[in-house]
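Okay, so here's the structure we're looking at.
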2 protein chains.
Amino acid sequence: MVHLSSPRARRTRARILDAALDLFERQGYEPTTVAQVADAAGVTPMTFFRHFPTKDAVLVTDPYDPLIADVVAAQPAVLPPFERVRLGMRAALGEIDPDEDATARRRVALVAANPALRAAVVAATAATEDAIVGRLVHDGVARLDARVAAAACLGACTAALLEPPDDGESLGAVVTRALDLLGQAS
Amino acid sequence: MVHLSSPRARRTRARILDAALDLFERQGYEPTTVAQVADAAGVTPMTFFRHFPTKDAVLVTDPYDPLIADVVAAQPAVLPPFERVRLGMRAALGEIDPDEDATARRRVALVAANPALRAAVVAATAATEDAIVGRLVHDGVARLDARVAAAACLGACTAALLEPPDDGESLGAVVTRALDLLGQAS
DNA sequence: CCCTGAATGTTACTCGCTAACATTCAGCCG
DNA sequence: CGGCTGAATGTTAGCGAGTAACATTCAGGG
């Protein structure tokens, strides 16, 4: 992993990412080797792994954000844990994603098409899930209750983001819809 | 993959499984190589892969059961999709697991300890999730709604099963508790 | 007793990924 | 302008998961 992206390193990383997306879209994720990606980027496989720890890291980045756990914990403690997580995540995730560039859409489409990558997304959200669980447990919520609530809400959001989007709808709006569906009034 | 387990193949498979659980528990999942497992089972690595398609398949088996989708689809169609999936899975999963042998507990403990294996579990439940979504969509439910409901409930159940269990509580009881927590009255 | 097919072994290979060490590049200072 | 320094990249070698093609052994029925 390159320490702090110097101007040169940033360009190299961008070239690798472009080459990867291009090849993944043209010949599929699994059939594409990182050697091919590195080659197309004019770079060595070793350099690929210095910029992305794994092959799937090009598409799946850890969205861990301590802010989410904060907002969840800030919901009224009198609510049942599931409601607390649901409303907290709604508040935290409904607004973000201002940088909803075309690259993000390409990544999502590629991940959605591959079961192994979908699993990688779950692994990447583990940190966020643990953060939420930790905060709730610290507030006296039973560990099982906290885990179930966090897993259900994160699973719902992930699934919603990977569904083929009604184009025009923002990613934030999709998340909001997903979490609303988990409320009883839906 | 061995076609149909002859008596000999069944014994070999059992030896591999025993050796794998033993080594995984003693030195961890990742540090253990399939060569070591095969060796301890008195077998070649090639034979290992003929009985288990991947290393993690020793611990993670696809629990796909068309019955679950059936029971979900049988819930009253007037209910919101999330309630339908929740109650359906409660009915389908609350009772099963009669073969709750010690081996199952060992597997669960090993999976719970490893993030990569947890991810493998969600990949393995993809078939079940798709089956539920397919049934609901066939009933006229919007695809996003169906996906979100199925993902939330499956995520909750998986998370609950991987939490360190109050020993004495059956796996079926844990699932029931998890799904009840997603109801509003909790 | 052989004969047949299933189960296993052997060999060789690809791909993801890592470590240790050498090399080139970009900018700052004299 | 020219060398210095550290970051970025290259080179080589290797491990482990997984696969393919082909050879070999085993168990049971004619």
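Just so you know, these numbers come straight off a predicted model, no measurement behind them. Chain naming here is simple, since letters A, B, ... match the order of the sequence lines and numbering starts at 1 in each.
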Going by an N to O cut-off under 4.0 Å, is there a salt bridge joining B:Asp166 and A:Arg143? no
Distance alone, cut at 3.5 Å: any donor-acceptor contact between the side chains of A:Gln36 and A:Gln27? yes
Below 4.5 Å, heavy atoms only, C-beta onward: do B:Arg105 and B:Pro165 meet side chain to side chain? yes
Rounded off to whole Å, could you give me the CE-to-P distance for the B:Met46 and D:dT25 pair? 18 Å
Check DNA chain D against residues 16-35 of chain B and give the residues with a non-hydrogen atom under 4.0 Å, in numerical order. B:Thr32, B:Thr33, B:Val34
Quick one: closest heavy-atom pair of B:Arg13 and B:His51, and the distance? NH1-O, 3.3 Å
D:dT9 phosphate, OP1 or OP2, under 4.0 Å from A:Thr12 side-chain N/O: yes
Measure from the side chain of B:Thr44, starting at C-beta and using heavy atoms only, and say which of D:dA8, C:dG9, D:dA27 lies closest. C:dG9
Check the pair B:Asp130, B:Arg135 against salt bridge (Lys or Arg N to Asp or Glu O under 4.0 Å), reporting the backbone distance first and the verdict last. CA-CA 9 Å; B:Asp130 287 347; B:Arg135 288 302 216 95; over 6 Å; no
Please walk me through it: do A:Phe52 and A:Val34 pass side-chain contact (heavy atoms from CB on, under 4.5 Å)? CA-CA 11 Å; A:Phe52 300 94; A:Val34 330; over 6 Å; no
Would you mind telling me which of A:Leu23, A:Leu110, A:Val58, A:Leu59 makes a side-chain contact (heavy atoms from CB on, under 4.5 Å) with A:Tyr29? A:Leu59
Starting at OG1 of B:Thr54, measure out to CZ of B:Phe48 and round the result to the nearest 0.5 Å. 7.5 Å
Could you tell me if the side chain of B:Arg106 sits less than 4.5 Å from the side chain of B:Phe24, heavy atoms only? no
What is the separation between atom CZ on A:Arg10 and atom C1' on D:dT9, rounded to the nearest whole Å? 18 Å
Side-chain N or O of A:Ser6 less than 4.0 angstrom from OP1 or OP2 on D:dA8? yes
Can you confirm whether A:Val60 sits close enough to A:Arg107 that some side-chain heavy atom of one is under 4.5 Å from a side-chain heavy atom of the other? no
Compare all side-chain heavy atoms of B:Leu162 with those of B:Arg118 and state whether any distance is below 4.5 angstrom. yes
Starting at CZ of A:Arg8 and ending at P of C:dA26, how long is that distance when rounded to a whole Å? 6 Å
Ordered by number, residues from residues 47-59 of chain B within less than 4.0 Å of DNA chain C (heavy atoms) are B:Thr47, B:Arg50, B:His51
Near DNA chain C, which residues from residues 107-127 of chain B have a heavy atom under 4.0 Å away? none
